[in-house]
Amino acid sequence: MDNQELAKLQLYQMIAAIPHGRVASYGQLAHLAGRSGAARWVGYCLRHLPADSNLPWHRVVTASGKLAFSVNSHNYKRQHQLLVSENIHLQHHKVDMKQYQWRP
DNA sequence: AGAATGACGTCTG
DNA sequence: ACAGACGCCATTC
């Protein structure tokens, strides 16, 4: 198994470790997976996540606390709803990172 | 091989 | 606070 697959597995592991009610940023996860600066790679991995995976992908937001989808998209609404179900509410389309960001 | 793409981040004005 | 410009990484055309 090459380093790529290893980083991906580590990434999935970190995402699975995000506690209920907290969020992590793409860049933060890249760093935790041993790939500092590869925030866009994290986005790529999530984009191609199998539908049956049980990862809490909705707990992943941008560094500024915004959701990575356009506000009118279906995915945005879905992620928003999942966050609200965890008692995370958006203010002006943003998560309050000071309050909700996961700090391992 | 080189350019384009995207579920990103940071710096600047 | 916010939009635009650049920079990044891996992947795809």
Side-chain angles (χ1 to χ4, degrees):
Chain A
M1 164 183 312
D2 57 37
N3 206 348
Q4 292 283 346
E5 298 292 329
L6 215 59
K8 190 175 285 191
L9 289 180
Q10 186 133 27
L11 172 63
Y12 292 158
Q13 201 169 341
M14 295 319 299
I15 297 177
I18 305 174
H20 182 283
R22 314 303 303 281
V23 299
S25 77
Y26 292 87
Q28 177 185 3
L29 290 170
H31 184 73
L32 290 173
R35 294 223 152 162
S36 303
R40 305 191 82 140
W41 168 73
V42 174
Y44 179 88
C45 291
L46 287 187
R47 186 71 189 80
H48 295 281
L49 209 57
D52 59 340
S53 89
N54 205 25
L55 282 183
W57 59 268
H58 56 279
R59 299 183 186 144
V60 185
V61 300
T62 72
S64 62
K66 293 189 294 192
L67 310 194
F69 303 104
S70 50
V71 294
N72 46 23
S73 68
H74 177 256
N75 277 333
Y76 184 98
K77 293 171 187 153
R78 190 151 71 108
Q79 182 173 14
H80 178 48
Q81 175 199 333
L82 287 167
L83 289 175
V84 168
S85 77
E86 299 195 354
N87 214 25
I88 302 175
H89 295 269
L90 303 191
Q91 306 288 331
H92 306 102
H93 289 161
K94 289 192 304 184
V95 173
D96 183 353
M97 296 304 273
K98 284 191 92 86
Q99 181 177 359
Y100 293 110
Q101 183 169 35
W102 176 43
R103 299 178 231 287

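Each chain gets a letter, A, B and so on, in the order the sequences are listed, and its residues count up from 1.
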Applying side chain to side chain donor-acceptor pair (under 3.5 Å), name anything that partners [X], two or more places apart in sequence or on another chain.
X: Ser53(A); answer: none
X: His58(A); answer: Glu86(A)
X: Asn72(A); answer: Ser70(A)

Quiz item: Choosing from dG6(B), dG9(B), dA10(C), which nucleotide comes nearest the side chain of Arg40(A)?
Solution: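 Taking heavy atoms from C-beta onward, the closest nucleotide is dG6(B).
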Given atom [atom1] of [X] and atom [atom2] of [N], what is their separation to the nearest angstrom?
X: His93(A); N: dA3(C); atom1: NE2; atom2: P; answer: 12 Å
X: Leu32(A); N: dG9(B); atom1: CG; atom2: P; answer: 13 Å
X: Gln101(A); N: dC8(B); atom1: CD; atom2: C1'; answer: 14 Å
X: Ile15(A); N: dC8(B); atom1: CD1; atom2: C1'; answer: 14 Å
X: Arg35(A); N: dC8(B); atom1: CZ; atom2: P; answer: 18 Å
X: Leu29(A); N: dG9(B); atom1: CG; atom2: C1'; answer: 14 Å
X: Glu5(A); N: dA10(C); atom1: CD; atom2: P; answer: 13 Å
X: Lys8(A); N: dA7(B); atom1: NZ; atom2: P; answer: 15 Å

Practice problem: Using heavy atoms and a sub-4.0 Å distance, could you list which residues of residues 41-70 of chain A are near DNA chain C? By number, please. | Solution: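 Only Trp41(A), Tyr44(A) qualify.
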Between side-chain atoms of residues 35-52 of chain A and protein atoms elsewhere (two or more places apart, or another chain), which donor-acceptor pairs fall under 3.5 Å?
unit_1   : atom_1 : unit_2   : atom_2 : d
Arg35(A) : NH1    : Gln4(A)  : OE1    : 3.4
Ser36(A) : OG     : His31(A) : ND1    : 2.6

Self-check item: Positive for side chain to side chain contact (heavy atoms under 4.5 Å, CB included) with Leu32(A), one of Gln10(A), Gln13(A), Met14(A)
Solution: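 Per the side chain to side chain contact (heavy atoms under 4.5 Å, CB included) rule, the option paired with Leu32(A) is Met14(A), out of Gln10(A), Gln13(A), Met14(A).
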Quiz item: Quantified in whole Å, what is the P atom distance between nucleotide dC6(C) and nucleotide dA7(B)?
Solution: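 After rounding to an integer number of Å, I get 22 Å for this pair.
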Pairs under 3.5 angstrom only: tabulate donor-acceptor contacts from the side chains of residues 97-104 of chain A to other protein residues two or more places apart or in another chain.
unit_1    : atom_1 : unit_2   : atom_2 : d
Gln101(A) : NE2    : Gln28(A) : OE1    : 2.9
Arg103(A) : NH2    : Lys98(A) : O      : 2.8

